[in-house]
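Input: a single structure, listed below in structure tokens.
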Amino acid sequence: MTKVNQNFLKLPGSYLFSEVARRISAYSAANPQAKIIKLSIGDVTRPLVPAVIEAMHKAVDEMGAEETFRGYGPEQGYDFLRDAIAEHDYKARGVDIAPDEIFVSDGAKSDCGNIGDIFGVDNVVAVCDPVYPVYVDTNAMAGRAGDYQEELGRWNKLVYMPCVEANGFSPEIPKEKADIIYLCFPNNPTGAVATRDQLKEWVDYANKNGSVILYDSAYKAFITEEDVPHTIYEIEGARTCAIEFRSYSKTAGFTGNRCAYTVVPKDLERDGAKINALWNRRQCTKFNGVPYVVQRGAAAIYTPEGKRQTQDVIDYYHANTKVIMDGLSKAGLSASGGVNAPYIWLKTPDNMGSWDFFDLLLDKANVACTPGAGFGPSGEGYVRLTAFGGAEATKEAVERIVKML
């Protein structure tokens, strides 16, 4: 008889955002008159900027002519995009990253999950708590997480690093030795950021212990404070211990186009192997690359017009965060984030459970959020709101919340 991967059978319930969508759908079916505004799943709502559309139209035309048609592209990404990334995202910030250390992909979510292919299952994994569910679930699927403890809402082999109000929602160095460490700044879901000194502690820890930091900076475009690092490679020593994930999903509205990239420095070695070479081998074997048309669109955001237009969209979402934060303050609620991230981390009133507050908000205000408990044990008592909605819808959602409370 064919055997299945038993680790999948250990996974609790459904994926967080799938469960949120299911509950919203069930409520809508039972209350067809309700006009639900979603501040839950972080999907963008603004259209692609003109520079991207123009570049993609041109690329489509190229695919229709014999002399410019392209078939299989390089699994690592086309040179024109890798060169642009190295120049604008790194060299412009004084960071030396070579194009062949950049791997273009279909999403940071995919890469954060797939990166585990090149690491052994006996590594000790540390995650922030609350945490983006993909970091946890994919390690559970691979067998690194052990068994799920229903009563605690956590896996018994993972090292959980609480990110709570008392420590500014920033993880502290674990007492246990961790081999693989997931960090996400600006953070999803809390919106917190890390200082240079805090990141230096992590880099020193990783180099001292032979650990690898998996650094998700998918939201770096939303950083507004000048002293906040945009990349972990701004920290001395990071090239020998860190892999960085980035995405165009929120930066340029590519949630429907799928384009991202991962940086694996050639200086990073573990267990006698160069991690850059291992990731390249993995991608060449299991990934066909991102479509040419999409990569041309991504490259367009680095043009002067593309930069300006993309920043206008980011400013639009930042305006939404201000509307949300001002409204929550008016309602007497405690919230953080929003300054350097598109997420607001809202403390539920009267110590209400996060799923209970989700139901209350959906039923009484017809506004959807994401329960913090779905991000881990330390997320209980909070909900996440996103600023990716339309301006008018966001304003109305906040007015409904204020009225309800």
Side-chain angles (χ1 to χ4, degrees), residues 10-17 19-20 39-42 112 124-140 144-176 178 180-195 198-199 201-202 205 213-216 218-219 328 333-359 361 369-386:
K10 298 178 183 179
L11 294 170
S14 61
Y15 182 57
L16 170 62
F17 299 109
E19 176 62 16
V20 168
L39 300 183
S40 49
I41 297 176
C112 286
V124 176
V125 178
V127 296
C128 294
D129 174 27
V131 61
Y132 182 43
V134 170
Y135 310 155
V136 171
D137 289 0
T138 53
N139 277 288
R144 296 188 191 91
D147 296 314
Y148 187 69
Q149 301 169 300
E150 188 75 40
E151 69 282 3
L152 299 177
R154 57 188 290 165
W155 296 82
N156 68 333
K157 284 190 177 180
L158 294 182
V159 175
Y160 285 80
M161 304 180 293
C163 299
V164 294
E165 189 173 4
N167 62 15
F169 301 104
S170 186
E172 299 172 2
I173 301 292
K175 294 180 176 62
E176 309 95 324
I180 298 173
I181 304 160
Y182 286 84
L183 297 178
C184 175
F185 294 111
N187 185 260
N188 179 14
T190 68
V193 293
T195 65
Q198 287 171 324
L199 287 183
E201 288 185 22
W202 283 108
Y205 172 89
I213 297 172
L214 303 181
Y215 192 79
D216 187 346
Y219 302 97
L328 297 179
L333 295 171
S334 174
S336 58
V339 177
N340 298 295
Y343 296 122
I344 292 88
W345 194 234
L346 169 63
K347 192 171 186 178
T348 60
D350 302 321
N351 296 315
M352 185 179 293
S354 58
W355 279 107
D356 291 335
F357 189 69
F358 169 89
D359 290 335
L361 207 58
C369 61
T370 302
F375 294 101
S378 293
E380 183 56 275
Y382 290 85
V383 297
R384 191 194 73 176
L385 303 175
T386 81

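Atoms CD and CD1, on E201 and I173 in that order, are 5.5 Å from each other to the nearest 0.5 Å. Note that CD of Q149 and NZ of K157 are 12.0 Å apart. Values are rounded to the nearest 0.5 Å. Atoms CG and CZ, from L361 and F357 in turn, are 5.0 Å apart once rounded to the nearest 0.5 Å. In this structure, CG on L39 lies 8.5 Å from CD1 on I344, to the nearest 0.5 angstrom. For the atom pair OH (Y382) and OG (S336), the distance works out to 7.0 Å, reported to the nearest 0.5 Å.
Not counting sequence neighbours, the partners of S378 by the side-chain hydrogen bond (donor to acceptor under 3.5 Å, both in side chains) test are D129. Legend: residues meeting salt bridge (Lys or Arg N to Asp or Glu O under 4.0 Å) with E19, ordered by chain and number and at least two apart, are R22, R23. With sequence neighbours left out, V193 forms a side chain to side chain contact (heavy atoms under 4.5 Å, CB included) with P186, V228, N340. Judged as a salt bridge (Lys or Arg N to Asp or Glu O under 4.0 Å), and not counting sequence neighbours, the contacts of D147 are K10. For V124, the side chain to side chain contact (heavy atoms under 4.5 Å, CB included) test picks out V159, D179, with sequence neighbours left out. Every side-chain hydrogen bond (donor to acceptor under 3.5 Å, both in side chains) that S354 has, sequence neighbours left out, goes to E380. The side chain to side chain contact (heavy atoms under 4.5 Å, CB included) search around T138 returns V134, not counting sequence neighbours. In this structure, the side chain to side chain contact (heavy atoms under 4.5 Å, CB included) partners of N188, at least two apart in sequence or on a different chain, are Y132, C184, Y219, Y343, F375, R384. Every residue two or more places apart in sequence or in another chain was checked for a side-chain hydrogen bond (donor to acceptor under 3.5 Å, both in side chains) with Y215, and none qualifies. N187 pairs by the side-chain hydrogen bond (donor to acceptor under 3.5 Å, both in side chains) definition with T190, not counting sequence neighbours.
Using modelled atom types, one side-chain atom of Y160 and one backbone atom of W155 make a donor-acceptor pair closer than 3.5 Å. Counting only distance, with no hydrogens or angles, the side chain of D137 and the backbone of L11 share no donor-acceptor pair below 3.5 Å. The closest donor-acceptor contact from the side chain of D359 to the backbone of D356 lies at 3.5 Å or more, if one exists at all.
Within the structure, salt bridge (charged side-chain N to carboxylate O under 4.0 Å, His left out) contacts touching residues 180-190 (residues at least two apart or in different chains) do not occur.
Scanning all heavy atoms of the two residues, the minimum distance from Y148 to G153 falls at OH-CA, 3.2 Å. Residues C369 and L385 come closest through the heavy atom pair CB-CD2, 3.5 Å. Between V164 and N167 the shortest heavy-atom distance is O-OD1, 2.6 Å. The minimum heavy-atom distance between W202 and M161, with the atom names listed, is CH2-SD, 3.3 Å. Listed here is the closest heavy atom pair of P171 and F185: CD-CZ, 3.8 Å. Nearest heavy atoms, A178 versus Y205: N-OH, 3.0 Å.
Annotation: side chain of F358 is in contact with side chain of V20 (closest heavy-atom distance under 4.5 Å). Put simply, the side chain of W345 reaches to within 4.5 Å of the side chain of P130, judged on heavy atoms. Residues Y135 and C128 fail the side-chain proximity criterion, which asks for heavy atoms closer than 4.5 Å. Taking the side chain as every heavy atom from C-beta outward, V131 and Y182 never approach each other to under 4.5 Å.
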Name each donor-acceptor pair under 3.5 Å that joins a side chain in residues 346-353 to protein atoms two or more places apart or in another chain, with its distance.
unit_1 : atom_1 : unit_2 : atom_2 : d
K347   : NZ     : E165   : OE1    : 3.4
T348   : OG1    : M352   : O      : 2.6
T348   : OG1    : G381   : O      : 3.1

